Amino acid sequence: MKEELAKRYEPADIEQRLYATWEREGYFTPVADRERPRFSIVIPPPNVTGRLHIGHALVNTLQDIIVRWKRMSGFNTLWLPGTDHAGIATQMVVDRDLQRQGISRFDLGREKFVEKVWEWKEKYGGEIIDQLKRLGASCDWTRSRFTLDEGLSHAVRTVFVSLYNDGLIYRDLAMVNWCPLCRTAISDVEVEYRDRNDKLYQIDYPIADSDRHVTVATTRPETMLGDTALAVHSDDERYRDLIGKEAIIPVANRRIPIVADSILVDMEFGTGVVKVTPAHDKNDYEAGLRNNLAQLQVIDETGAMTAAAGDEFKGLDRFEARKRVVEHLKEQNALREVKDYQHAVGVHGKCDTIIEPMISRQWFVKIEPLARPAIDAVREGTIQIIPQTWEATYFNWMENIHDWTISRQLWWGHRIPAFYCGNGHMTVAVDDPQACPECGSTEITQETDVLDTWFSSGLWPFSTMGWPEKTPDLETFYPTDVLITGFDILFFWVARMIMFGLRFTGSRPFAQVFLNGLVRDEHGQKMSKTKGNVIDPMDVIDEYGADALRFTLAIFATGRDIPLARKRVEGYAAFANKIWNASRFAMMYLDTDLKSGGNIQRDDLGTVERWILSRLNETTREVNRYLSAFRFDEASHAIYKFFWHEFCDWYIEMVKPVLMSKHGSDDDRRKAKRVILEVLDRSLRLLHPFMPFITEEIWLKLGGVEPSIMVAPYPVAEEVLEDREAERMIDAITAMITTVRNVRVERGFTPKDRFKLYIDATTPRDASLFRDYSYLLIELARLNEVVVGAAIPEGAHHDVVSGFAIGIEFPEKEVSKEQLEKVQRDIEKSKKELAGLDAKLVNEQFLQNAPPQIVEGARARQTELRERIAKLEKNQQP
RNA sequence: GCGGAGUUAGCUCAGUGGUAGAGCUUCUGCUUUACACGCAGGGGGUCGGGGGUUCGAAUCCCUCACUCCGCACCA
């Protein structure tokens, strides 16, 4: 037992060593035991080529806390990890790398490029896993999955084919969000709207065969090259006569019809005339279909103008073309006005490129039939979203959901299992067909589009466990219990897992969803590279240790925003050091370990010992309760407060006289040591899910039965440890000590000056207890004598503490002006409170309506205040 | 425009009907042999404004102001 600890806690020395041991011993892997209740959770798979950022650190810390807590609580626990192939993001990364080498992916061709991406994945894919290990994540790495693994790919194909056969996947020509940089379609949720300061151009369109003109407004003049109509409202008197006539597009010099469309046009807005570009605007597209308008594509998939835009513009980038068009408009005197205009512009969330609405042939999921059961599951409580306030957002989105564009014109991802033969037949099948089932042709090519990454991650909770095969893992660990993830992917990921899970496994993919907030900087600003306020979790771990980072994240994990600053982590690194030093102190005295320490006979213990065990017990109850409710902040705070402010600040100080043989018998000493060992053991186990490394390092030295704290049982509250009476007495003693310390400073005495304390105990029992523990008062309040029961001398400082009248006798009688003022403030404050209580207690309504314990409490407080005021007033007498 | 969240100590935030809290910051004192990443003590808030319900409101209701976040966007 007598093992020396270093004076300061040095996380770097121990963390990686302990993690390696845990992994080697297989503690992260659940056992094949169907008897024990099981608990399972799947990781939100990070991008395979990504690096761990602070958001990952948060979400994985929270998962690890729950997982370690459940594992220690006796559940057969699985935390299944893995990575996501992250279609666009990964392709972009590799593409950029190739470009740096002067190679274009188009030079390589699809097959070679995909090989390169796999090489990249092999080379860097393990990095984020290693970083999760640095954080302490107790994932079962033997079950690690990747969304492009064979098994998961099979699940993807199975789901695709099933949805297709059920008519829920279709291929159609439609207007989609197109990213000209990534050259792929993206879904609605991948479009982000950014407020921009742009220009609104007012352009005159001449009416054909007349000298009239109408004015239309647009933010995108380049699209006028693709206009195929002007539209007005059918009820609009101003333009009614123009319906059916033609207008001439300036610059393009082309005739277009003027149509009536009362859906597209709002009479009240602007001039009441709208230019219609069916090939490059969603609303215009719809209007075009209604009015049988031509679709003229003037912008291609790279964002450049097409031949249809005219020879002068062909090949120009769309924004260059805009400038050129505006110049021409000016020359032709067709530009009536240019206004500053603020509006929201859709960009691709991944690359910030402005989205070009484009008509193209894509694959879609008909979503409504999938959404309905997913709405019901949350409404009926089958799936619980925590914090509950997110449910409204979930419903709002799910009830207004649009069909999901799932095809992507990328090379990296699950290729859509649709096959075309030379005769134009299409086959959708799980296994690659050797010949066309319809015509027997063996000239078969597979669809070149791949699936949206979220299509495969939507299957994650069951595809990772072997679905559609009925594997033992699926039977044991599915459905999972909890999903912990950021609220920012509620629609992208959570909603889709719910929809797919319900449809394909017949059960909810998880019972509860905990949505954590977003980590921001200390002023609530979003972290971004441009702002330079990014905190790299690896730097933080290097500097303060993983435990400090984890504890900081946990204690701030409530709410939408989590303000994080290095300074805060520093504060909890100090907590780790505190734990270290308290343990170091304890170990200087401990002479038995947990194995040979024997049981504690609670009835033999003194009040101080019963008090600390009672406090620990209450803390244990709170931590378990808070963890059940995902209140990571309250749970971590409860342990922090107990360990530092009750165990270290008070209990250790109180047992020092006993440990150092200044007070008490050998038997008292033995009991105190046993209780210290007990408190350390339980506190460390309680804290382990939050701070796995330091707790393991110390706990191993306490000599428990289990080979690791990871597999030791999690403490649960035991009623027998609760002791209200001990708490009442120790509260009184600590309050008296605080009062003496307080008055000492106010009167200008030094810690070396010693006084005499008088206590007026009301019952013989209390009196005897104060006598027993007078050594505590003497040591901690630095007194020379405690007198219980005798009259308090007139010249002493009078006060009432925890219901006991006390007097402090100082070596000199002089009272400073400051002290008198302080006493006066005290009296006034008490009088004010008393006045309030007096008024309350004569109020019939209060006496009748308030609960009895409140009334009683008020009476007791009233009595105490009266007494206290009387005593304090004595201090003012000369 | 629709939906949601928020406004509590200098800062960041807990606190869903019964005497206003934490951490950090700040100030004062302390080489008390576990820890200066420490110990002890102090200061600091009309709980965004107004109204209502109630014996009693930071807490429930209404209203106004401001902030933030989704979703949908009118050229």
Side-chain angles (χ1 to χ4, degrees), chain A residues 5 7-9 188-189 193 200-202 216-220 231 264-266 268-277 281-284 343-344 346 387 389-393 395-397 400 487-488 490-491 518 520 522-524 544 548 552 555-556 558-565 567-568 570-589 631 633-634 637 640-641 645 648-649 652-653 656 660 737-738 741-746 748 750-752 779-780 782 822 833 836-837 839-840 843-851 853-855 857-858 861 865:
Chain A
L5 293 182
K7 194 171 173 182
R8 275 173 71 147
Y9 173 56
D188 292 349
V189 275
Y193 290 89
L200 184 70
Y201 302 87
Q202 310 250 14
V216 302
T218 180
T219 55
R220 304 193 58 194
L264 181 68
V265 183
D266 175 358
E268 312 295 319
F269 191 88
T271 58
V273 188
V274 182
K275 64 190 267 314
V276 187
T277 323
D281 181 280
K282 215 169 138 195
N283 291 315
D284 292 3
H343 64 151
T389 170
W390 287 107
E391 284 184 1
T393 307
F395 291 135
N396 195 285
W397 189 71
N400 299 294
F487 68 77
D488 49 326
L490 178 61
F491 306 144
L518 227 57
R520 295 169 180 274
E522 55 191 314
H523 301 296
Y544 302 106
T552 311
I555 211 158
F556 282 99
T558 292
R560 261 183 93 103
D561 297 332
I562 296 156
L564 188 73
K567 187 146 202 176
R568 306 206 178 271
E570 200 182 313
Y572 296 105
F575 179 49
N577 191 53
K578 187 76 182 174
I579 294 161
W580 186 259
N581 272 290
S583 307
R584 188 160 78 96
F585 171 79
M587 284 179 196
M588 288 176 176
Y589 293 94
R631 288 303 303 261
D633 57 334
E634 295 281 11
H637 183 248
Y640 179 93
K641 187 177 165 234
H645 298 303
C648 291
D649 287 353
I652 287 184
E653 294 307 316
K656 272 182 182 172
M660 294 171 179
I737 292 166
T738 301
R741 285 172 173 170
N742 200 326
V743 177
R744 174 193 305 273
V745 171
E746 282 161 4
T750 73
K752 291 196 180 69
E779 286 292 324
L780 299 185
R782 299 188 148 262
K822 165 81 195 239
E833 195 188 330
L837 281 175
K840 247 185 187 177
N843 184 336
E844 281 300 320
Q845 303 277 19
F846 173 71
L847 296 174
Q848 271 172 27
N849 296 321
Q853 64 268 34
I854 295 295
V855 178
R861 180 77 182 150
L865 282 170

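Here the structure is a predicted model, which is why all the values come from computation and not from measurement. Throughout, a chain's letter reflects where its sequence line sits, starting with A, and its residues are numbered from 1.
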side-chain contact (heavy atoms from CB on, under 4.5 Å) between A:F846 and A:I854, intermediate numbers included: CA-CA 10 Å; A:F846 173 71; A:I854 295 295; 4.1 Å; yes
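- As judged by a 4.0 angstrom heavy-atom cut-off over every strand, A:T750 is placed among residues making no nucleic acid contact.
- A:R744 places a side-chain N or O within donor-acceptor distance of the main-chain N or O of A:R782, the cut-off being under 3.5 Å.
- In this structure, A:N581 contributes its side chain and A:N577 its backbone to a donor-acceptor pair below 3.5 Å.
- Distance A:R744 CZ to B:A40 P: 14 Å, rounded to the nearest Å.
- Evaluation of atom-type donor-acceptor distances gives a pair under 3.5 Å for the side chain of A:E653 against the base of B:A34.
- Nearer the 5' end of RNA chain B, as judged by each residue's closest nucleotide, is the contact made by A:N742, out of A:E268 and A:N742.
- Among the heavy atoms of the strands, none lies under 4.0 Å from A:Y9.
- Atom NZ in A:K578 sits roughly 16 Å away from atom C1' in B:G23 (whole-Å rounding).
- The neighbour count for A:E268 CD, taken as heavy atoms of other residues, nucleotides or ligands under 6.0 Å away, does not exceed 12.
- Rounded to an integer number of Å, the gap from NE2 of A:H637 to C1' of B:G21 is 9 Å.
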For salt bridge (charged side-chain N to carboxylate O under 4.0 Å, His left out), just list the numbers for A:E653 and A:K656, CA-CA rounded to whole Å, side-chain angles, deciding distance to a tenth of an Å, and then say yes or no. CA-CA 5 Å; A:E653 294 307 316; A:K656 272 182 182 172; 3.1 Å; yes
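- Taking a cutoff of 4.0 Å between a charged side-chain nitrogen and a carboxylate oxygen, A:K282 and A:D284 do not qualify as a salt bridge.
- Residue A:T393 is the one, among A:L264 and A:T393, whose nearest nucleotide of RNA chain B lies closer to the 5' end (criterion: closest heavy atom).
- You'll find that the side chain of A:Y193 is closest to B:A72, out of B:A72, B:G41, B:G4.
- Across all strands, A:T271 comes closer than 4.0 Å to no nucleic acid atom at all (heavy-atom distances).
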Taking it one step at a time, do A:I652 and A:F585 satisfy side-chain contact (heavy atoms from CB on, under 4.5 Å)? CA-CA 9 Å; A:I652 287 184; A:F585 171 79; 3.5 Å; yes
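- When the side-chain nitrogen and oxygen atoms of A:H645 are compared with OP1 and OP2 of B:G23, one or more of them lie within a distance under 4.0 Å.
- Using a 4.0 Å heavy-atom distance criterion, A:V216 is classed as making no nucleic acid contact.
- Considering only side-chain atoms of A:R584, the nucleotide from B:A34, B:C39, B:A75 that sits closest is B:A34.
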Each nucleotide in nucleotides 9-20 of chain B should get exactly one letter: B, S or -. Can you fill that in based on protein heavy atoms under 4.0 Å? ---SSSS--BB-
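- Atom pair A:N581:CG and B:A36:C1' shows a separation of 11 Å (rounding to whole Å applied).
- If you check every strand for non-hydrogen atoms under 4.0 Å, A:I652 touches a base.
- In the set B:U25, B:A34, B:C55, B:U25 carries the atom at the smallest distance from any side-chain atom of A:K567.
- Closest to the side chain of A:R741, out of B:A34, B:A40, B:A5, is B:A40.
- Ring pair A:Y640/A:F575 is tilted by interplanar angle, where 30° to 60° counts as tilted.
- No engagement by A:D284 is indicated, since no non-hydrogen atom pair under 4.0 Å with the nucleic acid exists.
- In this structure, A:K656 places its NZ atom 8 Å from P of B:C35, rounding to the nearest Å.
- Atoms CD (A:E570) and C1' (B:A36) sit 13 Å apart, rounded to a whole Å.
- The side chain of A:F491 approaches B:C71 more closely than any other nucleotide in the set B:G23, B:C71, B:C39.
- Note on ring orientation: taking the six-membered ring where Trp is involved, the planes of A:Y9 and A:W580 are tilted (angle from 30° to 60°).
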Which dot-bracket string fits RNA chain B when only Watson-Crick or G-U wobble pairs with both atom distances under 3.5 Å count, crossing pairs get [ ], and | stands for a partner on a different strand? ((((((((.[[[[.)..(..]]]].(((((.......))))).....[[[[[..)....]]]]])))))))....
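- Rounded to an integer number of Å, the gap from CG of A:N400 to C1' of B:C73 is 14 Å.
- Following rounding to the nearest Å, A:W397 (CH2) and B:C2 (C1') show an atom-to-atom distance of 17 Å.
- Remark: the backbone N or O of A:I562 is not paired with any side-chain donor or acceptor of A:R520 at under 3.5 angstrom.
- With A:N396 contributing its side chain and A:A392 its backbone, the two residues share no donor-acceptor pair below 3.5 Å.
- A:K7 has a side-chain polar atom (N or O) that falls below the 4.0 Å cut-off from OP1 or OP2 of B:C35.
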